Amino acid sequence: MKYFAVIQPVIANKINLQKLGRSSAFFLVQFLFCLTVVAQKAVVIPIETKENALILETDKDNRLWIVHNGKKLTNPGEYALVNARYNLSEANAGKYNHAYTPSGTWNLSEPAIRVTHSDGNPSLELTYLTHEVKKENNNVQTTIIRLKDPVYDFLVTLFYKTYFNENVIEQWTEITNKEKGPVILNKYASANLFFPESNFHLTSFQGQYLREMQPMEERLQQGIKTVESKLGTRAMLLGTPNFIVSLNGPAAENTGNVMLGQLAWSGNFKLDFEIDSYKNLRLIAGINPFASEYRLAPGESFKTPSLIYTISNEGTGKASRQLQDWARQYRVLDGKGERLTLLNNWEATYFDFNEPKLTALFKDAKTLGVDMFLLDDGWFGNKYPRNGDDAGLGDWQENVKKLPHGIGYLVKEAKAAGVKFGIWIEPEMVNPKSELYEKHTDWVIRQPERPEKYYRNQLVLDLSNPEVQDFVFGIVDTLFMKNPELAFIKWDCNAVIYNAYSAYLQAKNIPQTHLYVDYIKGLYKVLERIRAKYPKVPMMLCSGGGGRGDYEFLKYFTEFWPSDNTEPVERIFLQWNYSYFFPSITIDCHVTDWGKQPIKFRVDVASMGKLGFDIVASHLKPDDLSFCQQAIANYHAFKGLVWHGQQYRLANPYEGPVASFAYINDSRTKGVMFTYLHSNRFMETATEKPIKLNGLDPLKNYSIREINLYPGTKSTINTGSVYSGEFLMNVGINPDVHSKRQSVILEITESISQK
Ligand code: GLA
């Protein structure tokens, strides 16, 4: 923006130096030197993906500004002309488009960074020093830009890692204190972005237990809209660090410019969306500075978490596919690999089980046709047996009454029944009624002088303490050392942090304001160690459902549990909302007894993610059982599409009684389409209109076949007709859902014979 005037280089070539005295000539040379330095050409730094560009540019004072953020220009030479097109005056209320806005000097808007220097001075200026580009391969490179305070020895390095084909940018910052004494970081955002459009809509995702990930779209007005968490551990429970910003009007599925992003941090976060006085959008995203001033010793650096985002010029659908592709390829542990279908005993037994009950369930798992049995909460604790959620957490020894032969026996018995065996742990937590609490009260996050406050009868262990990190690592390590054939871990986290206080930080003379940050860093250290020793074993991230799930965690976890709410209609909405940001391979979907829908509906919905069951299979009616067996066999045949294919959201459940999704493979030869009637007030007869498919090849022909038919029912679809991709995408197919046929799965296969 033209907040500054670039001084044109003026070289006086008519001056004859010999006519001037020596000192005058010296001063003239000095003057010209200064002039050229001052008038040095602006540094233009393009950060480009396949379709978009973020253009940064320095001004005469060497400050760094964002001058373009959006669709890429064909002629990169024209980026230098962008700035001069704007007439925004600084007199209005200051400058808004800095690449990483400092505080305490010229800036009057929300800063990205605020510090207190070692001498107590609270002012910061950041000017451009150098930049470089590090190329990893043809698709991935990182632009590194160094900024420095001209007065203090204080450095900020901005990192922009681009994933070219996916149009994804991962952005983070490293802050380095080279002063002689400690510097306090009062605020230290990951990213500071700027969009010069004028009609912004934000979709944030709010929630509460069992109602996670509810979208709320609003038009952003002048001022700041903040989305944040202060919960500490289950940080995403009430609001998530995921967001959609549409740049010109409300977001649409297949049209318009949208940014889809997430702060990849598993603790307290803060996203500020500020509309400035010119109606531009400033976005500042990072760790929540609430109660989190961070002391940086001389020579130390602080690396912020990443803001990960993609921009699409064809709506949210494309943006999601870009992010899902990126996640599978570059982020999620084993993102392009396989997953295990399972039978979980949580809702089948709760805490009430023993060896005979469990071994019977192993056989049920085999009868159903899933890969694994998952033993949930309740298997541990002796002095304080874990027979409810009020005791035993922290005491990770098998309960000898329930499991006299230990976990090893169960692993062996499961194997004999023909399934793998996985186990539940909640290693960051402790019940006050536990031996761990009695022995190590100093390991617990609690205010020593105040009454304890519990969330689900438990407290959080202090992961800023390296001894606690060892303990948590030890829980997993011991399980695997003793049971090398253990196939899966469900890692739960059911409490938030009350009474934030660390005895460890106190003893080490580290400020208490490090706790929220060092907790999460400690947790990542443990996960690093686990993955160094056990790189492959699949792990599910669970947090009472929906309290956790972000792209920093998913470096270590193969999947996550989106909600304890498994009511299938609710799940359609939840899975729709999570799909904006996550590929289906990461989303655990279990069939349970929640809801009034028939088993077919429940299984079909759960088949759109990583399929699992949490039912008593032996209680199923014969037809229900044989339906499940057939549906699981079908799932094993099409799961590759759901896990690795391109996802298309076809009919939005918020806009009508029908929801529809499709997954298409990359070569566009195969697909699977899921359609549901989620509310049947008016739908006694079949869907009136066809649903348009997406992602097919218009020139290919496809046959459509209905699968997952309930025993004794006939399909109205299986006529053997063949349609062109063009027809299916422009006219569509009618899955015939109605009140007696509320869920329909269609298999789409290229029909070679018709060519
Ligand atoms: C949480 C999880 C459930 C189950 C219970 C066990 O609520 O979300 O799936 O594991 O804990 O206590």
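Quantities reported herein were computed from a predicted structural model and do not represent experimental measurements. Counting convention: from 1, in listed order, for ligands and their atoms alike. When a residue number appears, it is its place in the shown sequence, counting from 1.
- At distances below 3.5 Å, at least one donor-acceptor pair connects side-chain atoms of Asn382 with backbone N or O atoms of Val400.
- Within ligand 1, counting atoms from 1 as listed, the ones closer than 4.0 Å to a heavy atom of Gly544 are 1 (C), 7 (O), 8 (O).
- Among all non-hydrogen protein atoms, the one lying nearest atom 11 (O) of ligand 1 is Asp492 OD2, 3.0 Å.
- The aromatic rings of Tyr498 and Tyr455 sit tilted relative to each other, their planes meeting at an angle between 30° and 60°.
- Ligand-side atoms of ligand 1 in range of Cys542: 2 (C), 8 (O), range being under 4.0 angstrom from any heavy atom.
- Of the protein's non-hydrogen atoms, the one nearest atom 7 (O) of ligand 1 is Asp564 OD2, 2.9 Å.
- Using a distance-only test at 3.5 Å, with no hydrogens or angles considered, a donor-acceptor pair links the side chain of Arg328 to the main chain of Trp643.
- For atom 4 (C) of ligand 1, the nearest non-hydrogen atom from the set Asn345, Asp376, Ile425, Asp377 comes from Asp376.
- Close approach to Gly545 involves these atoms of ligand 1, each under 4.0 Å from a residue heavy atom: 8 (O).
- Relative ring orientation between Trp576 and Phe661 is described as perpendicular, the plane-to-plane angle rising above 60° on a 0-90° scale split at 30° and 60°.
- Salt bridge annotation for Lys420-Asp371: absent, with no cationic side-chain nitrogen under 4.0 angstrom from a carboxylate oxygen.
- Every atom of ligand 1 with a heavy atom of Trp561 under 4.0 Å away is listed here by number and element: 8 (O), 9 (O).
- On a distance-only criterion, Tyr209 and ligand 1 share no N/O pair closer than 3.5 Å.
- Between Glu228 and Lys230 a salt bridge is recorded (basic side-chain N to carboxylate O distance below 4.0 Å).
- For the pair Thr341 and Met372, the minimum side-chain heavy-atom distance is 4.5 Å or more.
- Set against the non-hydrogen atoms of Lys490, the atoms of ligand 1 under 4.0 Å away are 3 (C), 4 (C), 9 (O), 10 (O).
- Distances between N or O atoms of Arg456 and those of ligand 1 include at least one value under 3.5 Å.
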